[in-house]
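Atoms considered below: every heavy atom in the structure, side chains included; atoms not considered: hydrogens, waters and symmetry mates. Throughout, a chain's letter reflects where its sequence line sits, starting with A, and its residues are numbered from 1.
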2 protein chains.
Amino acid sequence: MATGRNHRPATRSRGIPEATVARLPLYLRALTALSERSVPTVSSEELASAAGVNSAKLRKDFSYLGSYGTRGVGYDVEYLVYQISRELGLTQDWPVVIVGIGNLGAALANYGGFASRGFRVAALIDADPALSGRQVAGIEVRHVDELESIIDTNGVSIGVITTPGGAAQQVCDRLVAAGVTSILNFAPTVLSVPDGVDVRKVDLSIELQILAFHEQRKAAEALAQEVPEPLAAEAAPAGSGRDQGPDGDIPAVMPA
Amino acid sequence: MATGRNHRPATRSRGIPEATVARLPLYLRALTALSERSVPTVSSEELASAAGVNSAKLRKDFSYLGSYGTRGVGYDVEYLVYQISRELGLTQDWPVVIVGIGNLGAALANYGGFASRGFRVAALIDADPALSGRQVAGIEVRHVDELESIIDTNGVSIGVITTPGGAAQQVCDRLVAAGVTSILNFAPTVLSVPDGVDVRKVDLSIELQILAFHEQRKAAEALAQEVPEPLAAEAAPAGSGRDQGPDGDIPAVMPA
DNA sequence: CGCTGTGAAGCGATTCACAGCC
DNA sequence: GGCTGTGAATCGCTTCACAGCG
């Protein structure tokens, strides 16, 4: 972990907790919406509820960035948008490649949320020669043979893998060898990468499985409530359980 | 926050930590692969590395499920597959509906990972009448007017929202009113739902933004290394950074 | 002897609660 | 008076390290 022992206790700037980083995009989205409605300032309470977190957490998060609010008033929307964008590195634009142009790859290519926030799809890449030259979302699909040269020419450092699981590690290796240092992996595979390369994983079926777990638990509780046996002693009073809650639960996306 | 105070401290069995639940699908995937290769038993070390976590975490996770291993030997693959499946509620099959059949909805409909693990796409639903009747992934697309009846007839309790952001809350409300109690939301919107309904959110652009943050930090560190000013005191010795690491980082998917 | 299962320690994130400033 | 910024308390997850068992 970078950071490491740390001489300097906790001091300035360079120590934003991961949990906070993961929420900054949420705040940014909410702020952008406010900005579009020309709302000039916002309180921690309002912004927190728009972002789906609680206000103490939000204030703590912002405190890591600096003192950008005004007591008694709130935060200046435009100013915060800028500060968060800068902190996230969105003031520069990041060329990304998407490898694997199936439905999911196409969905990502078409996804407007990218371009709007500092990301530019530099190329779509697929191993199927039949796709080469086709246009998806107005971008030409190139053959995977060109992967290295595309990355090199465009200075790409972020790659998105939307291939089938079987091809993912191979593609990953090539991306890394070509100079990519951040990877967003949608394939259902644990990628291994050298130190210094970040991997984040998004797995659709894992999310569903987690929902199924809670769904099952809810069903069990409902039963327990009807037939309050001693066994049920625990489930019944719990009532609402941990459910919902706009606050953090445990996620399923992770690095590496 | 639903949740609330909660009386009972932490007691028995029904208390699997969220972080553990989020990893069970990972273990299950690794175990399934082993099972297909007819590997009879596996040690915590081997399984952990296949799943991309460390072995202490894995053993602790399994300890919440029960004592399913054999000291000096390891875990029986088939038995563990069964136990985890049961715990996750995958021994029953869950009918799900996907609302919003754009590229992403289609990608999900085609995604093999669903059917293979207890999920069945009961219906594809879209607001566009032009799509109604079309087949996607061998399933007929139905009009959103039928949403309530579809959910009712099929006993659907899990819904997936892949509509544009603007339609998400509306769709969510109808799903919930019709009886859905778990929602997987791909729209870039914070959904509000009543207590007792679980929401998990997957946001593609948020993941990229988190990568961008780290990418930026890496670039800054590289610079600091070249020109070792006093400011750089911290970055330089860090070397590899926090990067990689098969262990948990902070995710961006969360309930509600 | 090897590997699991688990108390206990450690650590990071969340929440509380209030001092400080506008 | 209202709302931010933040130490201090708390909570939950991770990691350690080893006892216990096959």
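- Distance, B:Arg23 CZ to D:dC13 C1': 8 Å, rounded to whole Å.
- Taking only side-chain atoms of B:Ala56, from C-beta outward, the nucleotide of D:dT14, C:dT15, D:dC16 with the closest atom is D:dC16.
- For B:Gln170, the CD atom counts as loosely surrounded, since its 6.0 Å shell holds 12 or fewer non-hydrogen atoms of other residues, nucleotides or ligands.
- Every residue meeting the salt bridge (charged side-chain N to carboxylate O under 4.0 Å, His left out) condition with A:Asp93, not counting sequence neighbours, appears here in chain and number order: A:Arg120.
- Taking A:Phe213 as the reference, nothing meets the ring-ring contact (aromatic ring centres under 6.0 Å, His included) condition, with sequence neighbours excluded.
- Put simply, the side chain of B:Glu46 gets close to the backbone of B:Ser43: a donor and an acceptor are under 3.5 Å apart.
- Applying the ring-ring contact (aromatic ring centres under 6.0 Å, His included) rule to A:Phe186 yields no partners; only residues at least two apart in sequence or on another chain are considered.
- Atom-to-atom, CG of B:Leu47 to C1' of C:dT4 comes out at 13 Å; the value is rounded to the nearest Å.
- Residues satisfying the salt bridge (charged side-chain N to carboxylate O under 4.0 Å, His left out) test with B:Glu215, not counting sequence neighbours, are B:Lys218.
- Relative to the side chain of B:Tyr64, the nucleotides C:dT15, C:dA13, D:dT14 differ in distance, and D:dT14 lies closest.
- Taking every side-chain heavy atom of B:Lys60 into account, D:dT14 is the closest of D:dT14, D:dA8, D:dC13.
- Put simply, CG on A:Leu58 is 16 Å from C1' on C:dC16, counting in whole angstrom units.
- Atom CG of A:Leu80 is separated from atom P of D:dT4 by 11 Å (rounded to the nearest Å).
- Per the geometry, CG belonging to A:Asp61 stands 16 Å off P belonging to C:dG12, to the nearest Å.
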Give me, pair by pair, the N or O atoms of the protein and of nucleotides 1-3 of chain C that are less than 3.5 Å apart, along with how far apart they are.
{"from": "C:dG2", "atom 1": "N2", "to": "B:Gly72", "atom 2": "N", "distance (Å)": "3.4"}
{"from": "C:dC3", "atom 1": "O4'", "to": "B:Gly72", "atom 2": "N", "distance (Å)": "3.1"}
{"from": "C:dC3", "atom 1": "O2", "to": "B:Gly72", "atom 2": "N", "distance (Å)": "3.4"}

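- The nearest whole Å value for the distance from the NZ atom in B:Lys57 to the P atom in C:dC11 is 15 Å.
- Residue B:Arg59 contributes atom CZ, which lies 13 Å from atom P of D:dA17 at whole-angstrom precision.
- Within the structure, ring pair (Phe, Tyr, Trp, His ring centres under 6.0 Å) pairs that include any residue of residues 30-56 of chain A do not occur (at least two apart or interchain).
- As a whole-Å value, the separation of B:Asn54 CG from C:dT4 P is 13 Å.
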